[in-house]
> 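I'd like to ask you about the structure that follows.
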Number of protein chains: 2
Amino acid sequence: MAETARHPEPRYGTRPTMKDVAARAGVGLKTVSRVVNGEPGVTPDTERRVQEAIEALGFRRNDSARVLRKGRTASIGLVLEDLADPFYGPLSRAVEEVARDHGALLINGSSAEDPEREQELVLALCARRVDGLIVIPAGEDHRYLEPEIKAGVATVFVDRPAGLIEADTVLSDSFGGAREGVAHLLAHGHRRIGFIGDRPHIHTAVERLRGYHAAMADAGIDVRESWVSQGATDPGRVAAAAEAMLAGPEPVTALFSGNNRVTVTVVRVLARREDHIALVGFDDIELADLLGVTVVSQDPAAVGRTAAEHLFRRLEGSGRPPARVTLPTRLVARGSGELPPA
Amino acid sequence: MAETARHPEPRYGTRPTMKDVAARAGVGLKTVSRVVNGEPGVTPDTERRVQEAIEALGFRRNDSARVLRKGRTASIGLVLEDLADPFYGPLSRAVEEVARDHGALLINGSSAEDPEREQELVLALCARRVDGLIVIPAGEDHRYLEPEIKAGVATVFVDRPAGLIEADTVLSDSFGGAREGVAHLLAHGHRRIGFIGDRPHIHTAVERLRGYHAAMADAGIDVRESWVSQGATDPGRVAAAAEAMLAGPEPVTALFSGNNRVTVTVVRVLARREDHIALVGFDDIELADLLGVTVVSQDPAAVGRTAAEHLFRRLEGSGRPPARVTLPTRLVARGSGELPPA
DNA sequence: ATGAAAGCGCTAACAC
DNA sequence: GTGTTAGCGCTTTCAT
């Protein structure tokens, strides 16, 4: 990469700047800036010369410098639990599409359900001066975000409310959805219904359990302790919980599973059995139609879209106080939830 | 929202800088920089005062300015087809984990399989000066990346090779996997085997079809035109293609599906039928075990991890020429691929 | 141990 | 139409 006298090319690893382009095109720095940004006030001939210099040098505007000057990055951050979870892929994609419509890039990160990692990620995004932030909270205390929000970072919480601060929030109706799902089982004659959910510090897990209790209470049924299991959603724990509820002299005749990961494992457990245990799951899962799994479905893309639209509305300066939006769920009957008690 | 009309520059949105922190702590700017970056040469007492000022003001370092000065962003970009696709979620997550291990953030974007959008996205990432780039190509001409790569942006292509430029590439063994899958069907006695794949401009689609032809040739079978269908992977097209192959006087007795989306639709089509058509699919799908679907599985997380590790090795300055890595696939027999011909 | 000054590459505000 | 100048907030260099 030696430099020749004729056309001084930048060295490997060094990028041409507007100044280089200006020198090569024989114009002033600001003229290059005008061309690059499509601003008016440049004659076609000058513009052509500048464009040629840009091509020849392989110039690409340095957005860090631009951001430093302009104050806005045209990017937003999304912190979620795990991008590999089939719930978050479509959610993230929906956010990305809205961001794209607003000319913004999306940076997303997985908290792995770890509050420290959530905070680390959020603050890294703030250091990069994202214009806005969508957070699926892992932690329960978000006061660390107060200075950021004060400083103008629009923030929307999704799936679970923020902890100890006021902020826009978009939720699915976990309580109502679970209540409806359990009521569905009750309507099909079940009385002993088991609930297998996520760890009790997770907001949605609590809400869904509340929905379960509400439906059971509506039916005048005393819930036995052994019918409820909360904890990690790994297959081992969930399978054990299901087996336990299905054993003994008075086993449950139906199960309600608290999220997609639980449902997958429960379906596997039930598939190994001779009897026909009823099942309703929270969250839809791929191919549930073929497996005949009745679910309470929430639409991850709609959740993401709604959150992103809120965010951009706020960025555009709606001065409204923080609002909470709850999106409805939908019961999808496919067979497993309509089985009668054994 | 207390934006008074009299304030041309609202305090809202103005963030404290190191200068502000320095003023408040009664120290020099550079001392604040030292504290923020954990550099040595600051007495514990000074450090404490600076920390207090940071807390009080809610200071957060502006990474744009840092990047402008340092040249590296500690971020990498990932351009894929669609984050909502169950193949890319785990891939992206794996890339993220490797990036995290190297202290980098991941920015990802979906090209929606549109070459223009791919280029737009890639160049936006370059403008933000990502240190490296992982691209699942949508387009067939990547010469637009030459100046970027020359300028030092480490680039790795994944799933499909780059077009018209030399670059590191990580692929799954589409040819070998498809050949093995089709050979599996042949070994179970099938002779009339249909192939339903993605659009023929996609590299993996071509390779998998090549694998199909190779296996059929190995068995000495002349492939009829009506046994092969390539095109969009939307359910309508795929279902029609499958129905067509299964109709007529000499229908196929087995199907090979070219990717996860195709497989899902074919499974649905076959589920509606009385007969037992054999099926092997490329890519694993969730709950395929319960449905008994035999697949040629590739590991998306391994693909992502491998690509990211290559990227960081390059960033750390391995001056080796571009290399191509091919990851093996694995045949997972679950029943549908072992059915005999009708 | 600490700080003052000089940029990084760009855009805003004015020159001409 | 076009160019010049002064920063944006940080790190680097070099004094002290």
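Each chain gets a letter, A, B and so on, in the order its sequence line appears, and its residues count up from 1.
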> Rounded to the nearest Å, what distance is computed from the CG atom of residue A:Asp63 to the C1' atom of nucleotide C:dT11?
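That distance rounds to 12 Å.
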
> When the distance from CZ of B:Arg15 to P of D:dC10 is rounded to whole Å, what number comes out?
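From B:Arg15 CZ to D:dC10 P: 10 Å.
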
> Select from B:Gly41 and B:Arg129 the residue whose nearest nucleotide in DNA chain C is closer to the 5' end of that strand.
B:Gly41

> Nearest-Å distance, CD1 (B:Ile54) to C1' (D:dG9)?
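Those two atoms, CD1 and C1', are 14 Å apart.
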
> Report the residues that fulfil salt bridge (charged side-chain N to carboxylate O under 4.0 Å, His left out) with A:Arg100, sequence neighbours left out, ordered by chain and then residue number.
B:Glu120

> Using a cut-off of less than 4.0 Å, is there contact between a side-chain N or O of B:Thr43 and OP1 or OP2 of C:dT2?
yes

> Determine whether B:Asp63 and A:Arg129 make a side-chain contact, defined as any pair of heavy atoms from C-beta on separated by less than 4.5 Å.
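The answer is no, as the side chains (C-beta and beyond) never meet within the 4.5 Å cut-off.
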
> Looking only at side-chain atoms of B:Arg66, point me to the closest of D:dT11, C:dT11, D:dC8.
D:dT11

> Of the listed nucleotides (D:dT12, C:dT11, C:dG9), which one gets closest to any side-chain atom of B:Arg69?
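When the side chain of B:Arg69 is considered, D:dT12 is the closest of D:dT12, C:dT11, C:dG9.
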
> For the residue pair A:Thr306 and A:Leu327, establish whether any side-chain heavy-atom pair is separated by less than 4.5 Å.
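Yes, at least one pair of side-chain atoms sits under 4.5 Å.
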
> Whole-Å distance between D:dG9 C1' and A:Lys70 NZ?
18 Å

> Are A:Glu113 and A:Asp82 side-chain neighbours, meaning at least one heavy-atom pair lies under 4.5 Å?
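With C-beta onward as the side chain, the pair stays apart.
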
> To the nearest angstrom, how far is B:Asp20 atom CG from D:dC8 atom C1'?
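Distance, rounded to whole Å: 13 Å.
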
> Using a 4.0 Å heavy-atom cut-off, does B:Asn37 contact any base of the nucleic acid, only the sugar-phosphate backbone, or nothing at all?
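Result for B:Asn37 = sugar-phosphate.
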
> Exactly one of B:Met18, B:Arg15, B:Arg24 should register a side-chain contact (heavy atoms from CB on, under 4.5 Å) with B:Phe59. Which one does?
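Single pass found, and it is B:Met18.
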
> Strictly below 4.0 Å: does A:Lys19 bring a side-chain N or O up to OP1 or OP2 of C:dC10?
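Checking C:dC10 against A:Lys19, no side-chain N or O comes under 4.0 Å of OP1 or OP2.
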
> Rounding to 10°, can you tell me the angle the first-five-pair axis of the helix from C:dA1-D:dT16 to C:dC16-D:dG1 makes with its last-five-pair axis?
40°

> Rounded to the Å, how far apart are B:Glu39 CD and D:dC10 P?
13 Å

> I'd like to know if the side chain of B:Ser110 pairs up with that of A:Glu96 as donor and acceptor (distance under 3.5 Å, no hydrogens or angles considered).
yes

> Go through the N and O atoms of the side chain of B:Arg61 and the base of D:dG9, and report whether any donor-acceptor pair is under 3.5 Å.
no

> Would A:Arg128 and B:Asn62 satisfy side-chain hydrogen bond (donor to acceptor under 3.5 Å, both in side chains), going step by step from the backbone distance to the final call?
CA-CA 6 Å; A:Arg128 280 169 207 237; B:Asn62 184 332; over 6 Å; no

> Using a distance-only test with no angle check, is there a side-chain donor-acceptor pair under 3.5 angstrom linking A:His142 and A:Glu118?
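Judged by distance alone, the side chains do pair up.
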
> Any side-chain N or O of A:Ser33 less than 4.0 Å from the OP1 or OP2 oxygen of C:dT11?
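Checking C:dT11 against A:Ser33, a side-chain N or O does come within under 4.0 Å of OP1 or OP2.
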
> Dump every N/O contact between nucleotides 3-5 of chain D and the protein below 3.5 Å, one line per pair.
unit_1: D:dG3; atom_1: OP1; unit_2: A:Gly28; atom_2: N; d: 3.2
unit_1: D:dG3; atom_1: OP2; unit_2: A:Gly28; atom_2: N; d: 2.6
unit_1: D:dG3; atom_1: OP2; unit_2: A:Thr31; atom_2: OG1; d: 2.5
unit_1: D:dG3; atom_1: O6; unit_2: A:Arg34; atom_2: NH2; d: 2.8

> Less than 4.5 Å apart, side chain to side chain, heavy atoms only: is that true for A:Leu78 and A:Ile107?
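A:Leu78 does not reach A:Ile107 side chain to side chain.
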
> How many whole angstroms separate atom CG of B:Leu68 from atom C1' of D:dG7?
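One finds 12 Å between C1' of D:dG7 and CG of B:Leu68, rounded.
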
> Whole angstroms only, please: what is the CG-C1' distance between A:Asn62 and D:dC8?
13 Å

> Below 30° counts as parallel, above 60° as perpendicular, anything between as tilted: where do the rings of B:Phe312 and B:His102 land?
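Rings of B:Phe312 and B:His102: parallel, as their planes differ by under 30°.
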
